[in-house]
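This report concerns only the one structure given below.
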Amino acid sequence: MTLPFLIIIPLFGAFSMPIISLFGKKLKEYWALIISGATLGVAAKIFYTVWKTNEIILYTLGSESPIGKGVKFPIRIVWEVDLLGALLALTITFVGFLAVLYSLGYMKHDTGLEKYYTLILILELGMLGIVITGDIFNFYVFLEIMSIASYALVAFRNDTWEGIEAGIKYMFVGSVASSFILLGIALLYGQYGTLTMSYLSLKIAENPTIVAKVALAFFIGGLLFKSGAVPVHMWLADAHPAAPSSISAMLSGLVIKAGGVYAVARIVFSIFNPGLHAYLKAFNMPSINMEAVGWVIVFFACLTLLIGNAMAVVQTDMKRLFAFSSVGQIGYILLGIGIGTLAYGSRAGELALAGAIYHIVNHALIKALLFFVAGAVIHEVGTKNLNELSGLARKMPMTTLAFIIGAAAIIGLPPLNGFASKWIIYESSAMYNPILAAIAVVGTVFSLAAYTRVLFTFLGRESEKVKSAKEPEMSMLIPMLILVVAIVVMGLLPWQINDKIMLPTARMLEQLNGEYMVALLKFLGGA
Amino acid sequence: MFGYWDALYFLYAFFIGLVISYLLMKWAEKASTGTRRAGDGTKIYISGEDQDKIIPHFEHFEGYFTGRHVMWGLIRGAQRMFLAFRKEHTGLLTDYVAYLLLTVAIVLGALVIGG
């Protein structure tokens with residue numbers, strides 16, 4: 001069983017880092033690289049297993065079965081990995097590995113690097129825990145591990161006020177959001193007496209009370225904050241530009257996905273199960289109206305994709321522009337999840353979910369690339385103000401090429417990967433409600449305007465500041481080039497990826513036949 | 001499934017749109033007194049921006065309103081929206097908490113009533 005190693009390896013790496021760093025300056029960097037590489041290997045194996053067998057892995061911590069002694073319900077912590085969890089784990093470890101590789105060159109001049117690498121491994125570990133857990137309190141624990149590591153990493157460069165201020169704000173408001181999530185968990189536990197997600201979904205369907213609805217509202221409210229949706233996106237625009245670029249890549253590419261939109265999808269589909277409630281409603285039994293939930297998500301999604309992308313247009317700070325663009329892209333993912341809930345069980349719903357999952361992966365790759373580019377520019381030129389960066393293309397041609405590919409992909413130009421996922425989201429929203437598709441396209445127009453501005457900056461007349469600029473070192477260029485290749489290759493195979501990976505993932509998340517519950521029910525003896 | 005190259009139709013429609021809007025702009029330049037090209041040193045009056053900001057018979061309107069050039073009003077509106085966005089502050093901690101509480105309250109209200 002390889003699943004526990006997904007947590008054990010980064011945990012061991014993080015806590016052995018202070019000791020390893022005693023043996024040499026370079027050693028800790030290579031140690032972080034080895035650890036994140038090994039984690040990537042484990043995640044790839046788990047993904048391949050789940051994808052090949054098309055079966056959910058259920059692992060109980062410290063026991064053979066999740067059922068307690070003398071009782072007939074699950075009391076132990078379970079990890080339940082479906083295709084979505086495995087896919088996210090693979091994406092997290094891939095981008096995490098590249099971020100560590102990039103840090104070798106990018107963080108060269110910083111001090112306190114043993115703390116940096118410890119935190120980056122803990123951040124990765126927290127996200128991996130979130131995507132594999134099947135226990136709602138365990139989910140909260142990993143969410144906090146991830147959040148606390150990211151608060152510290154945002155304020156890592158504590159010689160500037162920017163990082164400290166952003167970090168403190170992020171920490172305070174993030175803690176309030178986490179409290180809402182914890183309150184939701186407490187309400188569910190008080191009402192139903194279990195923390196196992198799939199068992200909770202059964203219990204909620206048996207007796208859907210107002211407490212369950214209030215808990216769901218707290219979850220959605222708290223998780224909208226964690227995913228950086230409008231109107232609670234401001235922390236993101238402060239925190240992501242203030243962090244070192246390798247961390248910004250992980251925050252924008254991964255943290256808001258694992259701790260935000262993924263968690264929304266998991267809670268809505270695996271705990272509140274729209275199919276089960278639609279079935280109950282059809283027989284006039286008490287149920288939760290999942291349409292209302294879907295519309296709430298769609299409402300915030302539309303707000304997010306319009307305002308996020310529009311705010312990106314007016315930024316003069318390159319990293320802030322990318323951060324707002326992340327807000328906008330989260331809007332598309334939320335739109336996919338919202339339509340997936342509203343049109344549950346139909347072709348449009350399945351496509352919308354597949355599009356959202358596809359976009360989670362694509363945006364993780366694209367945004368990591370763009371933040372790596374921003375980091376290379378800051379590293380070489382020393383500024384991220386777009387007004388001072390004119391004419392970089394001649395001095396940094398490889399970096400410029402990476403930026404052009406990244407920008408074209410995020411706008412959604414064919415034949416790059418961003419196009420395929422956005423297109424599926426447009427198409428499914430048009431199938432459900434054309435107005436939603438029109439709103440999504442307007443968001444993309446703003447996004448196009450924002451990135452065109454940066455493109456003109458790169459290609460414009462050379463300014464004083466960039467005269468002495470040169471390409472960054474290989475350890476920074478290689479991660480960028482790997483991401484460029486990934487983006488182009490994924491863009492050339494949209495059908496294969498969608499049909500073979502994204503659609504099965506969406507189907508498993510939708511669990512039309514209750515797969516997520518059945519994985520646990522096997523232990524209950526067909527109860 | 002969607003057609004991958006269907007997106008080319010969008011580009012096609014976009015270019016036709018560009019040509020049409022260019023022709024419209026040329027026509028508007030000729031037909032309108034509000035939008036015109038002028039040589040160096042000429043003062044340009046965009047309609048509504050009268051020296052004393054008063055339009056005969058429309059004394060109750062001030063500023064950028066003219067019946068004929070609604071377009072300028074719209075452009076001005078869009079520009080103001082972006083100006084407002086540009087002014088966004090990094091914000092106080094209490095603001096952020098207030099936005100979060102409001103969001104949770106909205107979701108809670110929607111789900112308790114509609115859920």
Side-chain angles (χ1 to χ4, degrees), chain A residues 162 165-166 168-170 172-173 176-177 180 208 210 212-214 216-222 224-225 229-235 237-238 288-293 295-297 299-300 307 310-311 313-316 324 351 412-415 419-420 423-424 426-428 441 494-495 498-499, chain B residues 1-22 24-25 70-115:
Chain A
E162 199 189 353
E165 190 188 335
I168 285 182
K169 278 182 191 164
Y170 179 22
F172 273 91
V173 197
V176 178
F180 277 122
I210 186 113
K213 291 176 198 171
V214 173
L216 179 59
F218 283 146
F219 282 136
I220 293 181
L224 280 178
F225 173 88
V230 172
V232 277
H233 63 286
M234 278 88 165
W235 65 270
D238 291 348
I288 292 174
N289 181 7
M290 293 307 280
E291 273 209 5
V293 179
W295 277 114
V296 165
I297 297 175
F299 170 73
F300 283 106
I307 295 185
M311 291 285 279
V313 180
V314 295
Q315 302 305 321
T316 48
F324 272 115
L351 265 185
L413 279 188
F419 166 71
W423 188 256
I424 302 176
Y426 297 153
E427 183 175 278
S428 55
V441 174
W495 318 123
N498 191 46
D499 292 345
Chain B
M1 269 320 293
F2 58 86
Y4 192 61
W5 297 108
D6 282 7
L8 281 180
Y9 288 106
F10 275 83
L11 288 180
Y12 181 57
F14 177 66
F15 281 117
I16 292 178
L18 267 187
V19 172
I20 293 175
S21 52
Y22 180 71
L24 260 177
M25 190 194 79
V70 177
M71 185 184 77
W72 282 110
L74 288 176
I75 290 175
R76 185 82 195 155
Q79 192 207 0
R80 279 191 182 184
M81 182 183 86
F82 281 112
L83 282 179
F85 280 161
R86 199 184 290 261
K87 266 192 235 147
E88 53 96 29
H89 53 159
T90 52
L92 296 169
L93 194 57
T94 42
D95 292 356
Y96 290 10
V97 176
Y99 296 141
L100 175 62
L101 294 181
L102 273 176
T103 309
V104 175
I106 291 169
V107 177
L108 189 60
L111 289 195
V112 168
I113 295 166

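All values below were derived from every heavy atom in this structure, side-chain atoms included, with hydrogens, water molecules and symmetry-related copies excluded. The structure displayed is predicted, hence computed values, not measured ones. Letters A, B, ... are given to chains in the order of the sequence lines, protein chains preceding strands, and every chain is numbered from 1.
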Identify which part of B:Ile106 has an atom lying under 4.5 Å from any heavy atom of chain A, answering side chain, backbone, both or neither.
-> side chain
Pair count under 4.5 Å, heavy atoms only, with chain B: among A:Pro231, A:Gly412, A:Ala166, highest is A:Pro231
Most chain A-contacting option - heavy-atom pairs closer than 4.5 Å, from B:Thr103, B:Val112, B:Leu111, B:Val97 = B:Leu111
Is there a side-chain contact between A:Phe300 and B:Val107 (heavy atoms, below 4.5 Å)?
-> yes
Side-chain contact test, heavy atoms from C-beta onward, threshold under 4.5 Å: evaluate it for A:Phe324 versus A:His233 and give yes or no.
-> yes
Tell me, out of A:Phe225, A:Trp235, A:Phe180, who's got the most heavy-atom pairs with chain B below 4.5 Å.
-> A:Phe180
If one checks every heavy atom of A:Ile210 against chain B at 4.5 Å, the contacting part turns out to be side chain
Check B:Leu100 against A:Gly221 and note the closest heavy-atom contact, atom names and distance.
-> CD1-O, 4.1 Å
Which answer fits A:Val176, side chain, backbone, both or neither, if we ask what part of it has an atom under 4.5 Å from a heavy atom of chain B?
-> both
Spatial distance of atom CD1 (A:Ile168) from atom CG (A:Asp238) [nearest 0.5 Å] = 12.5 Å
Under a 4.5 Å heavy-atom cut-off, does chain B meet the side chain of A:Leu216, its backbone, both or neither?
-> both
Side-chain heavy atoms of B:Phe15 within contact of B:Val19, under 4.5 Å | no
Quick one: does A:Tyr426's side chain get under 4.5 Å of A:Val441's, heavy atoms only?
-> yes
